[in-house]
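Here is the naming used below: chain letters follow the sequence lines, and residue numbers restart at 1 for every chain.
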There are 2 protein chains.
Amino acid sequence: MHSMEFQSGFQSITDGRREHVDPVPVTREDVAARLRAHGIAPTHQRIEIAHALFERRAHLSADQILAAVNARHPEASKATVYNTLKLFLERKLIRELIVDPVKIFYDPNTTPHHHFYDVVTGELTDIPADALRIEGLPSLPPGTVAEGIDVIIRTRPLGAGEPPPGPAL
Amino acid sequence: MHSMEFQSGFQSITDGRREHVDPVPVTREDVAARLRAHGIAPTHQRIEIAHALFERRAHLSADQILAAVNARHPEASKATVYNTLKLFLERKLIRELIVDPVKIFYDPNTTPHHHFYDVVTGELTDIPADALRIEGLPSLPPGTVAEGIDVIIRTRPLGAGEPPPGPAL
DNA sequence: ACTACCATTAGACAAAGTCCAGATCCTGCA
DNA sequence: TGCAGGATCTGGACTTTGTCTAATGGTAGT
Ligand SMILES: [Mn+2]
Ligand SMILES: [Mn+2]
Ligand SMILES: [Zn+2]
Ligand SMILES: [Zn+2]
């Protein structure tokens with residue numbers, strides 16, 4: 001079992017448009033160790049891609065990852081980014097969020113938690129696992145095994161002449 | 001308020017590959033009334049598209065709807081199907097399921113309920129709303145209003161040499 | 001018949017993601 | 001050091017889903 005933990009970091013901050021988290025100084029060595037712990041050979045490209053995700057600790061699309069990785073100078077091609085993200089998923093180094101109709105978001109946090117998704121801005125916000133309880137999950141369709149539960153609370157910005165939000169939902 | 005209810009029908013049946021529901025004899029008049037109740041002018045194309053969904057009571061992709069509608073002879077173009085589904089969504093005649101990485105599914109059932117999604121077969125199965133309770137939903141991000149909650153339980157077929165499923169998740 | 005407005009349509013287009021064949025990078029071994 | 005073999009990376013063509021636009025068709029009122 002890999003026992004490496006995230007080092008402590010600051011909490012999420014809103015800049016008025018995009019939710020994000022302050023980048024944490026995760027070294028390439030940290031990342032390489034994490035890759036090895038998941039049975040992934042730590043190549044330069046893989047380290048850069050993983051580093052982009054783990055440093056930001058944000059929900060990023062493939063396109064954003066490609067851009068982040070190649071910001072200074074070319075590090076990885078589009079094909080490699082897609083191949084690598086798929087590999088990371090298989091090895092459960094990261095998690096996939098199907099929440100936007102046009103693109104997938106990748107979540108470096110694989111511990112159980114849920115999400116707010118603003119359907120207008122596209123903003124994704126974490127909901128800690130213990131913030132909501134799911135009572136009594138139903139019997140699965142015959143011949144299937146559960147892989148995981150995704151809870152997505154879709155929100156929208158309350159616009160101009162909007163009534164103040166009621167108690168719930 | 002529109003008070004039309006689904007007429008009673010048989011329960012879901014598995015044919016070993018695709019989950020479906022027996023088609024219910026919904027007349028075009030029924031469908032037209034439903035459209036009107038949602039403020040939608042019942043044109044021929046709209047009636048056919050809504051009919052395809054309400055008759056099958058299944059989770060269909062745009063492509064499947066296009067094919068279903070044009071099975072006998074051309075009824076509606078691709079553009080019209082997409083335009084119409086978007087209109088139906090706005091008027092909350094149907095619901096959209098973001099669950100597959102490549103396409104959207106449309107759900108003729110807008111009453112609150114949840115879904116199993118088999119990540120291998122792509123099969124979608126309903127979970128009645130009362131089959132699971134969601135305790136204590138967290139405070140929304142500031143400046144947002146909740147639109148709805150989606151709970152998706154991802155499953156996979158238990159393959160050849162698979163251990164029998166444990167108690168839960 | 002004319003007008004105005006909405007609805008429908010073909011086909012060009014855009015974006016996300018996949019695929020493949022060739023190039024490159026390792027690593028172990030002669 | 002030199003080389004073979006496998007793993008990895010890459011450009012670019014391709015596929016799929018969905019959007020957009022400009023033109024056409026339908027309908028209701030005058
Ligand atoms: Mn570099
Ligand atoms: Mn017809
Ligand atoms: Zn998350
Ligand atoms: Zn459903």
In whole angstrom, what separates [X]'s [atom1] from [N]'s [atom2]?
| X | N | atom1 | atom2 | answer |
| --- | --- | --- | --- | --- |
| B:I104 | D:dT17 | CD1 | C1' | 9 Å |
| B:N70 | C:dT9 | CG | C1' | 12 Å |
| A:K86 | C:dA16 | NZ | C1' | 12 Å |
| B:D100 | C:dA16 | CG | C1' | 13 Å |
| A:L85 | C:dA16 | CG | P | 14 Å |
| A:D63 | C:dA15 | CG | P | 10 Å |
| A:I98 | C:dA16 | CD1 | P | 14 Å |
| A:Y106 | C:dA16 | OH | P | 12 Å |

With respect to the side chain of [X], which nucleotide from [options] is positioned closest?
| X | options | result |
| --- | --- | --- |
| A:T80 | D:dG18, C:dT8, D:dC9 | D:dC9 |
| B:N83 | C:dT18, C:dT8, C:dG11 | C:dT8 |
| B:A62 | D:dG18, D:dT8, D:dG12 | D:dG18 |
| B:Y82 | D:dC9, C:dT8, D:dG18 | D:dG18 |
| B:R46 | D:dG12, C:dT8, C:dG11 | C:dT8 |

Quick check: any donor-acceptor pair below 3.5 Å linking the side-chain of A:K103 to the base of C:dG17? no

Is it the case that C:dT18 (base atoms only) and A:K78 (side chain only) share a donor and an acceptor within less than 3.5 Å, ignoring hydrogens and angles? yes

Between the side chains of A:D100 and A:Y117, is a donor N or O closer than 3.5 angstrom to an acceptor N or O? yes

Is the phosphate of D:dA7 approached by A:T43 (side-chain N or O, under 4.0 Å from OP1 or OP2)? no

Would you say D:dT10 has OP1 or OP2 under 4.0 Å from some side-chain N or O of A:Q45? yes

Within this structure, what is the CG-CD1 distance for the pair B:D118 and B:I153, rounded to the nearest 0.5 Å? 12.5 Å

Can you tell me how far the CG atom of A:N109 sits from the CZ atom of A:R57, to the nearest 0.5 Å? 9.0 Å

Taking the nucleotide of DNA chain C with the nearest heavy atom to each, does B:P101 or B:S77 sit closer to the 5' end? B:S77

Do the side chain of A:H113 and the main chain of A:T111 share a donor and acceptor less than 3.5 angstrom apart? yes

Regarding B:R34 and the six-membered ring of B:F54, is the cationic atom NZ or CZ under 6.0 Å from the ring centre and inside 45° of its axis? yes

